[in-house]
There are 2 protein chains.
Amino acid sequence: MKNQEAKDEFINLWGVLGSQWGINRSMAQIHALLLLTPDTLSTEDIMEELQLSRGNTNMNIRELMNWNLVYKHFVAGERKEYFKAEHDVWTIATRIMKERKKRELVPAKEIAQKIRKAKLSENNAESKHIQKTITDMDDFLGRIDQLSELMLKAEQNIIFKKMMTLLK
Amino acid sequence: MKNQEAKDEFINLWGVLGSQWGINRSMAQIHALLLLTPDTLSTEDIMEELQLSRGNTNMNIRELMNWNLVYKHFVAGERKEYFKAEHDVWTIATRIMKERKKRELVPAKEIAQKIRKAKLSENNAESKHIQKTITDMDDFLGRIDQLSELMLKAEQNIIFKKMMTLLK
DNA sequence: ATAAACTTTCAATAAATACTGAAAGTTTAA
DNA sequence: TTAAACTTTCAGTATTTATTGAAAGTTTAT
């Protein structure tokens with residue numbers, strides 16, 4: 001298999017996985033391409049390789065930098081910006097968790113708590129069940145939040161370390 | 001707060017969370033509505049409450065049943081089908097994990113392994129790095145797979161139990 | 001057998017999302 | 001200060017995804 005074929009397959013895999021998890025295809029593909037590149041690429045390199053417009057490429061590189069998955073790199077004597085991906089898979093995973101937690105889990109928890117706190121004026125079987133559903137879900141989101149916190153602090157956590165060891 | 005308001009907020013929350021995670025809004029909203037309902041609802045009840053078409057409602061109920069999150073319920077003397085949601089949050093979470101694992105993780109692992117096994121014909125710095133990227137990602141997907149397996153078997157797992165206890 | 005009651009399918013359409021490319025903005029070199 | 005080199009923005013457009021509703025299919029009661 002040629003390098004290019006392997007790259008294309010990986011880029012495609014990452015694109016599909018991304019879109020299944022609510023991350024846009026171009027962003028995932030740019031990420032994949034940068035993961036496959038030992039050093040750096042410019043916006044134009046990426047546009048060329050993935051056949052994307054400048055606007056699209058630029059916006060998604062910015063977004064990858066917001067997620068702390070890609071960094072800017074300056075090349076001596078060059079005016080244009082170059083980009084480099086974070087290559088360590090565990091670091092990538094924790095950065096993604098951190099970002100999704102911040103963007104989705106925390107706001108969801110806030111809404112759940114708001115509904116939970118607002119007492120229901122009606123007092124019947126339905127309101128009992130609604131309360132329970134909302135309470136259960138809020139508790140569940142809290143658990144997920146704590147679990148993600150635990151994983152993000154995995155390095156310092158003995159139980160989690162043991163669990164990961166079990167998985168080796 | 002009226003029951004209806006609380007329900008609407010929860011349905012909306014679930015819809016937003018769903019679409020952020022690649023699950024369609026109608027499916028998530030139907031799920032939320034059934035979670036909020038102590039017993040059962042018919043297709044028409046759901047159409048009415050969420051203002052959805054028959055086709056949309058029907059297809060998404062089927063999909064929720066494929067995910068094992070909703071069951072059919074027959075009401076004595078009634079011809080039409082009624083539906084009831086699984087209400088236990090931990091059960092819901094494991095069913096979703098199971099399904100996503102099957103639909104997304106397993107196929108992704110297969111592709112990663114296929115690329116990994118296909119040796120690269122070129123022998124240069126780039127091919128070394130491509131190999132490493134693909135190997136790392138395949139290993140990572142394997143870890144996630146094992147971790148999800150562990151969580152699905154949590155009840156029998158002492159380490160995991162301890163971890164969940166820590167979170168209480 | 002037939003028709004009413006109900007469910008499923010799917011082509012057409014709508015809505016949401018992503019992408020383009022050119023114009024505007026910014027930085028740097030001379 | 002000017003202009004070349006580069007980056008960012010965003011209105012218009014294309015693509016993808018979701019939804020509708022009516023026709024076809026199925027089941028049940030008589």
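Within every chain, numbering begins at 1; the chains are lettered A, B, ... in the order of the sequence lines, protein sequences first and strands thereafter.
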A.B. asks: Should the pair B:His129 and A:His87 be assigned to parallel (<30°), tilted (30 to 60°) or perpendicular (>60°) ring geometry?
C.D. replies: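 Judged by the thresholds at 30° and 60°, the geometry between B:His129 and A:His87 is perpendicular.
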A.B. asks: What is the distance, rounded to the nearest whole Å, between atom CD1 of B:Ile46 and atom P of C:dC6?
C.D. replies: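 After rounding, the reported distance stands at 15 Å.
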A.B. asks: Residues of residues 18-31 of chain B with any non-hydrogen atom less than 4.0 angstrom from an atom of DNA chain C: list those, numerically ordered, please.
C.D. replies: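 Correct list: empty, so none.
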A.B. asks: Can you tell whether the side chains of B:Lys132 and B:Asp136 come within less than 4.0 Å, N to carboxylate O?
C.D. replies: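 Yes, this pair counts.
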A.B. asks: For A:Lys80, is there an ion pair with A:Asp45 - N to carboxylate O distance below 4.0 angstrom?
C.D. replies: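 Looking at A:Lys80 together with A:Asp45, the answer is no, because their closest N to O distance does not fall below 4.0 Å.
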A.B. asks: Taking atom types as modelled and ignoring hydrogens, do the side chains of B:Glu63 and B:Asn60 form a donor-acceptor contact shorter than 3.5 angstrom?
C.D. replies: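 Short answer, no.
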A.B. asks: D:dT7 P sits how many Å from A:Glu81 CD, rounded?
C.D. replies: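 Spelled out: CD on A:Glu81 to P on D:dT7 is 5 Å.
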A.B. asks: Can you tell me how far C1' of D:dT19 sits from CD of B:Gln51, to the nearest Å?
C.D. replies: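 Rounded to whole Å, this separation is 14 Å.
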A.B. asks: Return yes if a side-chain donor-acceptor contact under 3.5 Å exists between B:Gln29 and B:Glu49, otherwise no.
C.D. replies: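 Looking only at side-chain atoms, B:Glu49 and B:Gln29 do not form any donor-acceptor pair under 3.5 Å.
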A.B. asks: Taking only the side-chain heavy atoms of B:Arg79 (C-beta and beyond), determine which of D:dC6, D:dT7, D:dA29 contains the nearest atom.
C.D. replies: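 Per side-chain heavy atoms of B:Arg79, the pick is D:dA29.
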A.B. asks: In terms of side-chain heavy atoms, does B:Asp138 have a donor or acceptor partner in B:Thr135 at a distance below 3.5 Å?
C.D. replies: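 Their side chains do not contain a donor-acceptor pair, so the 3.5 Å distance test is not met.
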A.B. asks: Separation of B:Asp45 atom CG from C:dT7 atom P, in whole Å?
C.D. replies: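 Rounding to the nearest Å, CG of B:Asp45 and P of C:dT7 are 11 Å apart.
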A.B. asks: Toward the 5' end of DNA chain D, which comes first, B:Ser53 or A:Arg54, by nearest nucleotide?
C.D. replies: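 Mapping each residue to its closest nucleotide by heavy atoms, the 5'-most match is A:Arg54.
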A.B. asks: Is a salt bridge present between B:Lys117 and A:Glu9, judged by a nitrogen-to-oxygen distance below 4.0 Å?
C.D. replies: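 Not counted as a salt bridge, because no side-chain N and carboxylate O are separated by less than 4.0 Å.
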A.B. asks: According to ring-ring contact (aromatic ring centres under 6.0 Å, His included), who are the partners of A:His73, at least two apart in sequence or on a separate chain?
C.D. replies: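 Scan of A:His73 (ring-ring contact (aromatic ring centres under 6.0 Å, His included), adjacent residues dropped) gives none.
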A.B. asks: If the plane angle is over 60° it's perpendicular, under 30° parallel, otherwise tilted; pick one for A:Trp21 and B:Trp21.
C.D. replies: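 Answer is perpendicular, since the angle exceeds 60°.
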A.B. asks: Where along residues 56-78 of chain A does a heavy atom come under 4.0 Å from DNA chain C, residue by residue in number order?
C.D. replies: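 Correct list: A:Asn56.
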A.B. asks: In whole Å, what is the span from the CG atom of B:Leu52 to the P atom of D:dT17?
C.D. replies: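 These atoms are roughly 20 Å apart.
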A.B. asks: Which whole-number value in Å describes the distance from A:Tyr82 OH to D:dA5 C1'?
C.D. replies: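 Rounding to the nearest Å, OH of A:Tyr82 and C1' of D:dA5 are 12 Å apart.
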